[in-house]
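Structure first, then comments.
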There are 2 protein chains.
Amino acid sequence: MIIWKKVSNNNNIVYVDKRILFTYNLIDHWSKREFKMAELTKDIIIQQARIRFIEQGYEKVSMRGIANDLGCSHGALYYHFKNKTALFSDVLDYYFQELNSIIDRIMVQEENDKLKDLFLEFIRFGLDHPYQYELMFMLKSKEMDSLMQRPATESYERFAAAVEQASGIHLYSDHIYSIFLALHGFVSLHLHRIENFEEAAEGAARHVEFLKKTI
Amino acid sequence: MIIWKKVSNNNNIVYVDKRILFTYNLIDHWSKREFKMAELTKDIIIQQARIRFIEQGYEKVSMRGIANDLGCSHGALYYHFKNKTALFSDVLDYYFQELNSIIDRIMVQEENDKLKDLFLEFIRFGLDHPYQYELMFMLKSKEMDSLMQRPATESYERFAAAVEQASGIHLYSDHIYSIFLALHGFVSLHLHRIENFEEAAEGAARHVEFLKKTI
DNA sequence: CTCCTATTTTGACCAGTGGTCAGTTTTAGT
DNA sequence: ACTAAAACTGACCACTGGTCAAAATAGGAG
């Protein structure tokens with residue numbers, strides 16, 4: 001990414017990533033600009049926030065850190081997003097979509113044990129996206145929760161409908177909810193204690209088997 | 001609680017709680033001391049930390065805030081505790097004990113539905129002690145987790161043993177673990193979304209009923 | 001090309017955090 | 001009364017999320 005950087009009033013440096021491309025001096029003000037500043041868009045901010053988020057988690061990612069990666073000031077981020085919560089709410093939209101499409105994919109497959117897959121893949125998603133899951137289903141603050149509630153509910157309803165369909169029989173909504181809670185319990189207890197799904201795969205399989213038997 | 005407070009070098013004020021008791025001046029240094037400073041003990045710090053913790057939660061309680069309540073400097077707290085984590089680890093010991101005695105109490109009662117009580121009271125404990133539960137069973141950091149793991153495991157084992165005994169039959173440990181996860185899931189999903197157990201009592205009762213049927 | 005306005009961006013600033021540590025005060029024993 | 005150990009202080013550090021006046025840039029109209 002190209003970054004223009006002002007050094008003194010008229011002395012400027014143009015970077016590509018972190019390396020100097022060239023320097024130049026302003027005569028008047030570079031009227032009829034041949035260059036534009038690399039534009040800072042919501043999208044590019046979200047993208048960078050996600051990169052840091054995946055390895056550091058919400059708490060440890062700082063707005064200043066993101067701004068630094070992007071070669072802009074942290075103040076600029078607050079022009080595009082009301083606050084940190086709003087930024088990460090947008091980051092998470094992506095993952096709600098991912099979870100939804102996991103569910104959809106299982107339902108269109110053939111010859112698979114759909115119930116088992118639904119349960120197991122939900123757990124896998126949680127454990128392979130620990131920081132994301134944390135914010136999606138284990139709220140950190142009232143403010144974050146109010147932003148997550150709608151997409152979380154939508155994902156749950158998609159899951160619930162899929163479970164009923166996969167079972168081939170009528171299920172009480174309480175029953176499905178209890179199963180969901182049990183899956184959530186597994187994820188939330190193992191979150192951050194293991195590195196990835198595989199480490200808990202056996203336990204997950206047993207838990208899933210237990211839940212399947214209730215149907 | 002009595003607090004001595006230095007104002008200028010020789011001008012001192014003695015407080016009881018937040019109100020002035022009397023002032024005095026030092027001549028030399030108050031040799032052969034008639035008074036002792038109100039001592040700052042681990043216990044009194046834990047006690048005050050708990051008070052703030054209950055209403056604010058781990059993140060929002062600050063060491064400076066606690067020190068202020070206690071009329072000492074925040075540095076003093078670090079003399080007694082290595083860091084914030086260590087302090088709150090001690091705060092939580094109390095609640096692990098409370099959870100353990102809830103389990104014990106249920107088991108010595110007579111003519112009660114022990115399984116139902118065990119399940120329901122676990123949920124009640126979690127929802128009525130949201131900030132505590134969060135730290136006890138939903139780790140915030142590797143450091144906190146390593147301190148919580150031992151007492152959490154102990155509490156779980158007590159719970160598991162109680163469940164098996166209450167059921168009157170042999171239960172596979174995987175089965176008990178799955179039930180525990182399901183209860184944990186209920187608590188962790190409702191935590192902070194409701195004010196107290198009563199608000200979720202009906203849902204909790206249905207979830208518990210579902211789990212009982214698996215036995 | 002010159003203005004002029006609107007949009008973006010900057011960076012000093014604020015109030016707050018957990019944590020450290022040299023220097024001081026207080027305690028307790030000799 | 002002296003001394004060594006224990007307890008405590010508060011300036012300091014590096015950091016956080018967030019604000020905002022001022023400055024830079026963009027884009028259109030004349």
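Proteins come first, then strands; the chains are lettered A, B, ... in the order of their sequence lines, and each starts at number 1.
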Test side chain to side chain donor-acceptor pair (under 3.5 Å) applied to His207(B) - qualifying residues, sequence neighbours left out: Ser178(A)
Distance, rounded to the nearest Å, where Asn83(A) contributes CG and dT16(D) contributes P: 17 Å
Separation of atom NZ in Lys60(B) from atom P in dA15(C), rounded to whole Å: 19 Å
side-chain hydrogen bond (donor to acceptor under 3.5 Å, both in side chains) pairs, two or more places apart, involving residues 70-81 of chain B: none
Value in whole Å for how far the P atom of dT17(C) lies from CZ of Arg52(B): 9 Å
Salt bridge (charged side-chain N to carboxylate O under 4.0 Å, His left out): pairs with one or both residues in residues 44-57 of chain B, sequence neighbours excluded: Arg52(B)-Asp69(B)
Listed once per pair and sorted, the salt bridge (charged side-chain N to carboxylate O under 4.0 Å, His left out) pairs that draw on residues 173-183 of chain A, sequence neighbours left out: Asp174(A)-Arg206(B)
Phosphate contact (dG10(D) OP1 or OP2) by Ser73(B) side-chain N/O below 4.0 Å: no
Whole angstrom value for the distance that separates C1' of dC15(D) from NE2 of His74(A): 12 Å
Contacts of Glu143(B) that satisfy salt bridge (charged side-chain N to carboxylate O under 4.0 Å, His left out) - sequence neighbours left out: Lys82(B)
Whole-Å distance separating the CD1 atom of Ile66(A) from the P atom of dG18(D): 11 Å
Glu154(B) and Arg150(B) ion-paired at < 4.0 Å: yes
Whole-Å gap separating C1' (dT10(C)) and CG (Leu70(A)): 15 Å
Those residues of residues 75-82 of chain A lying under 4.0 Å from DNA chain C by at least one heavy atom: Gly75(A), Ala76(A), Tyr79(A), His80(A)
Rounded interatomic separation in angstrom, taking CD from Glu59(B) and C1' from dG18(C): 12 Å
Side chain Arg64(A) and base dG18(D) donor-acceptor under 3.5 Å: yes
Between C1' of dG10(D) and CG of Asn68(B), the distance in whole Å: 14 Å
